[in-house]
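No hydrogens, no waters, no symmetry mates; every other heavy atom, side chains included, goes into these values.
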Amino acid sequence: MSEYSPKEIESYWQNIWLKNKSFEPKPINTSSPKKYILEMFPYPSGNIHMGHVRNYTIGDVVARYRKSQGDNVLHPMGWDAFGMPAENAAMEKNVHPKEWTYKNIAAMRNQLKSLGLSIDWKREFATCDPSYFKHQQKLFLDLFQNKTAYRKESLVNWDPVDKTVLANEQVIDGKGWRSGATVERKTLTQWFLKISEDADRLLNEIPKLKGWPERVKVMQENWIGRSDGIAFEFECLDSKGEKTSPIKVFTTRPDTLFGAAFCGISIDHPIALSLCKKDIEAKSFVEKCQKNGSTAEAIDKAEKEGFLTGYKIKHPFKKGVLLDVFIANFVLSDYGTGAIFGCPAHDQRDFEFAKKYKLPIIPVVCPEGENPKDLKIKNEAFTGNGKIINSDFLNNLSIPEAKKKSSNLLVLNNSGIHKTNFRLRDWGISRQRYWGCPIPIVHCKECGPVSVPEKDLPIELPDDVTFDKPGNPLEQHPSWRYVKCPKCKNNAERETDTLDTFVDSSWYFARFCELDTKSPTNKEAVDYWLPVDQYIGGIEHAILHLLYSRFFSNALRDLGHLNISEPFEGMFTQGMVCHETYKTESGVWVEPSLVIKKQDDFFHIETEELIIKGAPEKMSKSKKNVIDPDIIIKKYGADTARWFVLSDSPPDRDIFWSEDGVEAAGKFIKKIWKTILGLDSLSKKEEILVNKKSQNLKQNNHKILAGFTKDLDGLSFNKAIARLYGFVGKASKLRTEDRINTEILNETLRFLLLMLGPITPHLAEEGWKKTQKKKSLLCEEPWPKYDKNLIKESEILLPVQVNGKKRAEIKIAVGLGGDDVKILVLELPEIKNITQDKKIKKIIVVPGRIINIVF
RNA sequence: GCGGGUGUGGCGGAACCGGUAGACGCGCCAGAUUCAAAAUCUGGUUCAGGCAACUGAGUGGGAGUUCAAGUCUCCCCACCCGCACCA
């Protein structure tokens, strides 16, 4: 075959690799170093999209390259298969979630295989396989036993029509995204994992994550949000002036206590709750606050408001001073103690509150260089550094000194305790849904929540369910739901909540190490393979998935399933795949394939309407700017698609899909194929003599290979591909009359094929078979070695500057010393012209770099 | 508001430690081939001026350090992303 035909060769090689077990790793006792390469597993929506193509191509290049470098590579694939879309499909299309999911998996598996990925498919599993979630249930029971998993009441977004709990992002303008019903705040008993207990470790280990992008680490740090402060008590008087139980507050700024103007408590603080029972106004204020949404915008817009309770607190340092206690809408109930003291001069929220209620604004920190007497807090609170003023015994201290001194006093006199608070809350894992991993707990009136005995695992989902009624079908399935208590054998009920799908994806990477039937992980296998050396996925999982996985690894270590706490040694976040967007004048999105360009304007192919070209945006169905990978693979082949998503842009940046770009990639793939055949036929000419051109070619071979290797090591695929363009360009120009030495030609061809291997594996493999005498597979070949001595030049072209401006070039021998170079340079006609009668101050010679003449 | 990132030709992007700015690709222009087109091949392409050799300007803007700055320092500007009443 001389015509390049991806359709035939791609599926041919995919089958050969599979038959040959090329991508199954060697046994774990091998002497070669291990490399675990993993891309985030996909949700089986039914079709792969370009984001997957990019993600999995990047991973595949790394995996294939590492393998050729002699590493024992694990590169598995699976399915994040539980979750809402399957239930939505069940409701909309009347198809069972299980059937829908497995059908999608089958389709997507084929699509992924058509990309020619070096996956060990033997390890494939879906999180909805009972053989997977059986072990997850066991893990849950372990976590329940060691009290990492627990139940508590919590406020949830409740959709009264769909009878389900909604995630925050499913609440749009206070209404359920599907039903449109007004969402209620409801208290439900939910399962939680104590991730907050691990907060310090999760934070402290971030700097150790050397192979992670800086921004992901910063995002996690912010998310965990540690703050160190002090919790202490205010003595409290009720509206009759009688002493009641003290109010406990948390602050990071005890140094500003002398600026305190009020005390704020949250709407569900015990004092607020008891007040609501007696006071209608208090009650209506609290209700008003509750109605206000919890979305970011609602919070942003909400004015700071409070309700004067009549309670007063005693200032701990100022004898006889009493401050009002307000129920305040901006005090969070689930952070700190749900109560604060307000210092308007040095906290923006307190400042706004004080303005509204005309409370005193006393500055207690004076910025450096300002006169305390002139100091006025006008439009915003001052949160910067300075010296303490207006604060009695704290005066003239620095902020840290004042913090220390006031804290010590609070510890002595006001039950103060040094405390660290985290923004990170415990992880709510209950979902009132059918298509998720059942929680293996039975609720018994006598015994409480009881673990299902291990021998009864897995608790599978019942198949005979319908989705015509709102709510969780598990609740409406009596034979599944009503069981005997494993402990006392009395009537009891199964837990009908299922697990958040983030639980499924928090340990799948450990399961891939070995699909052990007896236990969640195989100790020997995880000890060998983990941590994942290179994890690759989208930035959208920068916080939750990665944080949960880090937490889970540590929890699993405590349970003896692993011996690492950090699961991902290297993390890489690839950019999105974007495409131009088109809209009609009335704002309706239009598919790019329906748009035609005439001169400088765009028109609809069918309706001939004027079309407005919008900014390139992430491919999404709603914007109708998706390109189906299937179509691209059918038209150009997988190698072209792989080439395109790797070329042009660095992998961590967004790429812009363009028809011209793919077209060009397709053309170049064909050119590579022709070049392979050309080199092959040239190399049959038996040239023994080594001429200048041969030598140049040999040097080029080794130079390109050295650069290409460096690029792959640094994940700079766009640069690697740019090198290949040059390499192939040069190789394609070689002619019989050049009389290139056969051995060197063979080397050119061999280097080319091996470099192509990770990027366009089918093309490379086909070329290998056709041109190399060895019967081996290219994907089993070791990476070629370049000769460092060959890369060194004997002569180099150096730029010559005059006063920092390039004026000439000079070719000199590499080892030539400074003074010799100076003499040569001054003889150059271009330089003579300029320097003529001028006095030269000095000549700078940077060996191998540049020459600069200064006058 | 806080935090992070980015800014280089018409476009995507190269440029190691400060040392020839614009590699490579797209697009565009010219030529070869062809009856013609497609495909392919060859060459050109930062901008301005010039027939040309050449000259001047140029990495978001401004200052600075240096023989030399896209790269280092300071101050601005624009855009993107994340978080956001966390006391």
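Although no hydrogens or angles enter the test, the distance criterion places a donor-acceptor pair under 3.5 Å between the side chain of H315(A) and the main chain of L257(A). Between the side chain of D738(A) and the main chain of R735(A), a donor-acceptor pair closer than 3.5 Å is present.
Within 4.0 Å of V331(A), counting heavy atoms only, lies at least one base atom of the nucleic acid. When heavy atoms are screened at a 4.0 angstrom cut-off, F250(A) is found touching base atoms of the nucleic acid. Contacts of K841(A) with the nucleic acid, taken as non-hydrogen atoms under 4.0 Å apart, are absent. K733(A) comes within 4.0 angstrom of sugar-phosphate atoms only, judged by non-hydrogen atoms across all strands, and of no base. At a threshold of 4.0 angstrom between heavy atoms, the contacts of R425(A) include nucleobase atoms, whether or not backbone atoms are also involved.
Atom-to-atom, CD of E663(A) to P of G25(B) comes out at 16 Å; the value is rounded to the nearest Å. What separates CG of N222(A) from C1' of G1(B) is a distance of 13 Å, to the nearest Å. Distance K403(A) NZ to A87(B) C1': 11 Å, rounded to the nearest Å. Rounded to whole angstrom, the span from the CG atom of D652(A) across to the P atom of G4(B) amounts to 18 Å. As rounded to whole Å, 14 Å separates atom P of A14(B) from atom CG of L646(A). Between F656(A) atom CZ and C11(B) atom P the separation is 12 Å, expressed in whole Å. When the C1' atom of C11(B) is taken as reference, atom CG of D660(A) falls 11 Å away, rounded to whole Å. Atom CZ in F717(A) sits roughly 18 Å away from atom C1' in G25(B) (whole-Å rounding).
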(message) Can you give me the dot-bracket string for RNA chain B, 5' to 3', counting Watson-Crick and G-U wobble pairs with both distances under 3.5 Å, using [ ] for crossing pairs and | for partners on another strand?
(response) (((((((..(((......[....)))((((((.......))))))((((....))))..(((((..]....))))))))))))....

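A donor N or O paired with an acceptor N or O is not found under 3.5 Å between the base of C80(B) and the side-chain atoms of R653(A). The base of A87(B) lies close enough to the side chain of R349(A) for a donor and an acceptor atom to sit less than 3.5 Å apart. Between the side chain of K304(A) and the base of C85(B) there is at least one donor-acceptor pair of N/O atoms closer than 3.5 Å.
Remark: F317(A) pairs with F258(A), F393(A) by the ring-ring contact (aromatic ring centres under 6.0 Å, His included) rule, at least two apart or across chains. With sequence neighbours left out, S196(A) forms a side chain to side chain contact (heavy atoms under 4.5 Å, CB included) with D426(A). Residues meeting the ring-ring contact (aromatic ring centres under 6.0 Å, His included) test with F353(A), sequence neighbours left out: F262(A), F326(A), F330(A), Y357(A).
Between A78(B) and C86(B), the distance separating the two P atoms is 26 Å to the nearest Å. To the nearest whole angstrom, the two C1' atoms, one in C80(B) and one in A32(B), are 46 Å apart. Here, C26(B) and U33(B) have their C1' atoms 24 Å apart, quoted to the whole Å. Comparing G58(B) with G22(B), their P atoms sit 16 Å apart, to the nearest whole Å. Between A23(B) and A84(B), the distance separating the two C1' atoms is 43 Å to the nearest Å. Taking atom P in both U20(B) and G31(B), the straight-line distance is 36 Å, to the nearest Å. Straight-line distance between the P atoms of C75(B) and U8(B): roughly 23 Å, to the nearest whole Å. Distance check on atom P: G64(B) versus U71(B) gives 15 Å, rounded to whole Å.
Applying the 4.0 Å criterion to OP1 and OP2 of C41(B), one finds that K674(A) has every side-chain N and O outside that range. The phosphate of A87(B) (OP1 or OP2) has a side-chain N or O of S227(A) nearer than 4.0 angstrom. Taking side-chain N and O atoms only, K667(A) has no distance below 4.0 Å to OP1 or OP2 of C26(B). Within the structure, every side-chain polar atom (N or O) of R423(A) is placed at least 4.0 Å from both OP1 and OP2 of G3(B).
By the rule that a glycosidic angle within 90° of 0 means syn, C17(B) counts as syn. By the rule that a glycosidic angle within 90° of 0 means syn, G10(B) does not qualify and counts as anti.
Atom CG of residue L544(A) and atom CZ of residue F502(A) lie 4.5 Å apart, to the nearest 0.5 angstrom.
Of all heavy-atom pairs between V854(A) and N803(A), the closest is CA-OD1, 3.4 Å. Among all heavy-atom pairs drawn from K217(A) and P207(A), the shortest one is NZ-O, 4.5 Å. Residues N414(A) and P316(A) share a closest heavy-atom pair of ND2-CB, 3.6 Å.
Candidate nucleotides G25(B), G4(B), A57(B) were compared by shortest atom distance to the side chain of A664(A), and G25(B) ranks first. Among G25(B), G82(B), C85(B), the nucleotide with an atom closest to any side-chain atom of M219(A) is G82(B). Side-chain atoms of P650(A) lie closest to G13(B) of the nucleotides A87(B), G13(B), G4(B).
Taking the six-membered ring where tryptophan is involved, the planes of W657(A) and F644(A) are perpendicular, since the angle between them exceeds 60° and thus also 30°. The aromatic rings of F232(A) and F341(A) lie tilted to each other, with the angle between the two planes from 30° to 60°.
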Every protein N/O within reach of nucleotides 17-23 of chain B N/O, cut-off under 3.5 Å:
from, atom 1, to, atom 2, distance (Å)
U20(B), O2, K806(A), NZ, 3.1
U20(B), O2, E809(A), OE2, 3.1

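Within 6.0 Å of NZ on K618(A) lie no more than 12 heavy atoms contributed by other residues, nucleotides or ligands.
Residue pairs that meet the side-chain hydrogen bond (donor to acceptor under 3.5 Å, both in side chains) test with at least one member in residues 224-233 of chain A, sequence neighbours left out, are D200(A)-R226(A), R226(A)-D228(A), S227(A)-Y335(A), D228(A)-T420(A), E233(A)-S415(A).
Comparing F668(A) and N421(A) by the nucleotide of RNA chain B whose heavy atom lies nearest to each, the residue mapping closer to the 5' end is F668(A). Ranked by how close their nearest RNA chain B nucleotide is to the 5' end, D347(A) and I539(A) are led by I539(A).
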